[in-house]
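Data first, discussion second: the structure below is written as structure tokens.
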Amino acid sequence: MKVKVDQTSDCSDREGYADDCSCMTTADMAKVTGKGIALVSAVCVDLSLFYAAGLVATRSVFGHFARLWLHAALRCSALSAVTLLTLGDLNPLLIRVIASHSLLPAVFETGTKALYREETECGPSADARCWLVCAAASLVGALFWEISVPDAEDAAAGKEKKQKARVLFLRVLALYKPEYLLLLGGLLMLTLAVLCEMFIPFYTGRVIDILGTQYRPNEFVSALLFMGLYSLGSSFSAGCRGGFLMCAISAFTCRIKVQLFGALTRQEIGFFETTKTGEITSRLSKDTTLMRRAVCLNVNVLLRTFIKTLGMISLMMNLSWKLTFLVLMEVPITSLIQNIYDTHYQRLSLAVHDSMALANEVVNEVVSSIHVLRSFNTEKHEARRYDDRLMDTHILKMRQNPVRAVYLLARRVRSLGMQVVMMYYGRLFIRSGQMTTGNLVSFILYQSDLGDNIRTLTYIFGDMLNSVGAAGKVFEYLDRKAQVSMEGKLKPDQLTGNVVFRNLSFAYPTYPDKTVLQDFSLELKSGQMTALVGTSGKGKSTCVSLLQRFYEQQDGEILLDNEPLKSYDHRFLHKKIALVSQEPVLFSGSIRDNIAYGLAECSLDEIQEAARKANAHDFIMKLEKGYDAEVGEGGGQLSKSQRQQIAIARALVRQPQVLILDEITSSLDMTSENKIHQALASCPNQTLLVIAHKLRTIQRADQIVVIDGGRVQERGTHQELMELKGSYYRLREELFEEENPAQ
Ligand SMILES: Nc1ncnc2c1ncn2[C@@H]1O[C@H](COP(=O)(O)OP(=O)(O)OP(=O)(O)O)[C@@H](O)[C@H]1O
């Protein structure tokens, strides 16, 4: 003991040295020895109890089954106690092995006696072969469980995961509520189809038997009739099942996509800046598709296969129970092969999918920026880039082939081996009169289906976990609460449009450590025009974004008519505060749709009046279809200044109390700009916030605010700031695009 303690301390003292290896080996050795002792003691105790069961004394004291089950319980407790004493704890794997190993003889004996009134070797006269078979079966069973249910290793985490999968599955099921009737219809039809399908091989065997013996026309016709009826019933029910379930799936997908889309559009702008577009679209397309499979397709296939498998096994048992047990011995092998293959193949398929998405991304990028491509003459470079991406996909696909080849080989060997064994025993049973040729034919037909069913069950189990995982991702977005709340309720009848920024501090969510606005205070008086000026990157557009509630400030508040901005109703607020941004975005549709965007009731007169104010009416009327003319994707059929004018009309039609113009004049000619300013001047009570680089625009402002270092540096009229000879005066040359000869 002393030596051990010394070694441990020595080991920690010499951390990082080569001698550590010898310390590890000693610890490992101790572990292995402990496990060896545990195994030997368990085997000794178990074998003694196993043989003790065969003693006449115990048999005479208890009844047959009571003795069997008492013995099983005794073995189970003794093995658990020995393991606890030698290893210190019982993990789930050991519990499974001990329980199945101890209970198997009793279960097997009771089952055989109950069903076939026969006794087995595992019964009263227990022998070593039975012990070995039970030990091997429980070990194979435990191994199968470990591989097909991978959570078992980490019991706590595994439980949590399974719990989550179960909760997610139930949530998906609850979302299917409006389609419950369709689902019920589908499940009924599914059961009918499976039941009918199961009897077809049975009647095939009967027909062969009738043909092989003395021909009895009545029996032959009735067998054929039943075969036809069952085939017809199965096809009809399968068709109805497909119809019902597809309807349910289609309705569910539509609903869930709309819900998810709604949830996404309610998220704050920061969310879209931190989440990749590909991820969002993948949630909408791939994950919702996978999610719908969780209930409808997977449960459909799972139930169908499960019912079919159970039915087949019972029919096979009727034909020959011995041959059935023989066939069932291959179940764990089939499942293992399928599980290993599915895991590998799915991983490779995902990689292929991702690499194809990357290749498509190149195409998207090139198509959307074809002008840049042409002007920089990078056609060949982009073609090479696309070729490289396709090559990656090709290499991954090539790696899929050997995996599939090995899998097919293993499957073939297993199935041929089983067929040979089955034929051999089938012949023996026919010779000994235990089954007929027709029975064997039916049996072979069932057996080939059974293998397929086991593979399907294994695959579907994994696929179901996948689809539930996808549902988890969808729910993550559905449950996400936007960090910029839209729950305000305030909708006053009168609004003066007085805006106050009070001690604001703000950093963008993507760069939380970089403060853009620091203790920023400013008042935008109702009916006045305020111009924000400052060199590039000083925070002018950030003020606008905060006023639009694109982001939530970390400190301070923004007040509109003395009420915090967030307490206003979302719809109301965005009707009262309108923004025309530097790069106007139009949606494909008519000019009329674009101007009335987001307004449910908006007459053509209102639209035309707004267009007149924005100086857009004349050019619109010159278009062939006038206000019904299409603007094209992103407004591509209009010039930049026309797009800008439509965007201004879109803001003005709302008759906003606060209007924000973010560098709109950069793409407007002087006449348009003058007309727009005249129009804006005709709304004397409107609060106007302007960001501009043109001196003549800024000069018009009632208040010019110079922003620097995230704070207001100077504030006043053009005249006042020029006389002050401060930042505004110094930055004049740098900031403004036109010299004013008067200054
Ligand atoms: N979405 C964003 N995420 C992270 N940082 C941003 C984001 N938008 C702007 N910034 C940063 O915030 C700072 C202020 O940017 P802002 O666009 O408000 O400046 P600006 O004064 O309007 O500049 P410009 O006159 O060039 O439009 C800059 O340093 C910029 O890099």
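Just so you know, ligand 1 is whichever comes first in the structure, and atom 1 is the first atom listed for that ligand. What's counted below: heavy atoms across the whole structure, side chains too, no hydrogens, waters or symmetry copies.
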For the pair His617 and Tyr627, name the ring-plane relationship: parallel under 30°, tilted 30 to 60°, perpendicular over 60°.
tilted
Atom 10 (N) of ligand 1 [closest protein heavy-atom partner, distance rounded to 0.1 Å]:
Tyr508 CE1, 3.3 Å
To the nearest 0.1 Å, how far is atom 3 (N) of ligand 1 from its closest protein heavy atom, and which atom is that?
Thr510 OG1, 3.2 Å
Taking the inter-plane angle between the rings of Tyr551 and Phe506 on a 0 to 90° scale, is it parallel (under 30°), tilted (30 to 60°) or perpendicular (over 60°)?
tilted
Specify side chain, backbone, both or neither for Tyr551, according to which of its non-hydrogen atoms lie closer than 4.0 Å to ligand 1.
side chain
Under 4.0 Å from a heavy atom of Val516: which atoms of ligand 1 are those, numbered in the order shown and with their elements?
12 (O), 13 (C), 14 (C)
By the salt bridge (charged side-chain N to carboxylate O under 4.0 Å, His left out) test, which pairs, at least two apart or in different chains, include something from residues 517-526?
none
Atom 30 (C) of ligand 1 sits nearest the protein heavy atom Lys514 NZ, 4.1 Å
Any luck finding a side-chain donor-acceptor pair between Thr542 and Tyr508 under 3.5 Å?
yes
Heavy atoms only: which of Pro512, Ser541, Ala507 is nearest to atom 27 (O) of ligand 1?
Ser541
Could you tell me whether the side chain of Lys540 and the main chain of Thr535 form a donor-acceptor pair under 3.5 Å?
yes
Strictly under 4.0 Å, does any heavy atom of Gly539 approach an atom of ligand 1?
yes
Please report which non-hydrogen protein atom sits nearest to atom 25 (O) of ligand 1, along with the residue it belongs to and the distance in Å to one decimal place.
Lys540 NZ, 2.9 Å
With no hydrogens and no angle check, just 3.5 Å: does a side-chain donor-acceptor pair link Thr496 and Asp561?
yes
Under 4.0 Å, heavy atoms only, figure out whether ligand 1 is touched by the backbone of Thr542, its side chain, both or neither.
both
Of all the atoms in ligand 1, which lie at a distance below 4.0 Å from a heavy atom belonging to Lys538?
19 (O), 20 (P), 21 (O)
Shortest protein heavy-atom distance from atom 28 (C) of ligand 1, along with the residue and atom involved:
Gly537 O, 3.6 Å
Output yes when the distance from some N or O of ligand 1 to some N or O of Tyr511 is under 3.5 Å, and no in every other case.
no
Which protein non-hydrogen atom lies closest to atom 1 (N) of ligand 1, naming both residue and atom, and how far is it?
Glu273 OE2, 3.0 Å
Exactly one candidate in Arg266, Lys481, Arg549, Lys566 meets salt bridge (Lys or Arg N to Asp or Glu O under 4.0 Å) with Glu487; the answer is Lys481
For residues Phe271 and Tyr477, establish whether the separation of their ring centroids is below 6.0 Å.
yes
Does the side chain of Gln554 come under 3.5 Å of the side chain of Ser505 through a donor N or O and an acceptor N or O?
no
How far is atom 26 (O) of ligand 1 from the closest protein heavy atom, and which atom is that?
Ser536 OG, 2.6 Å
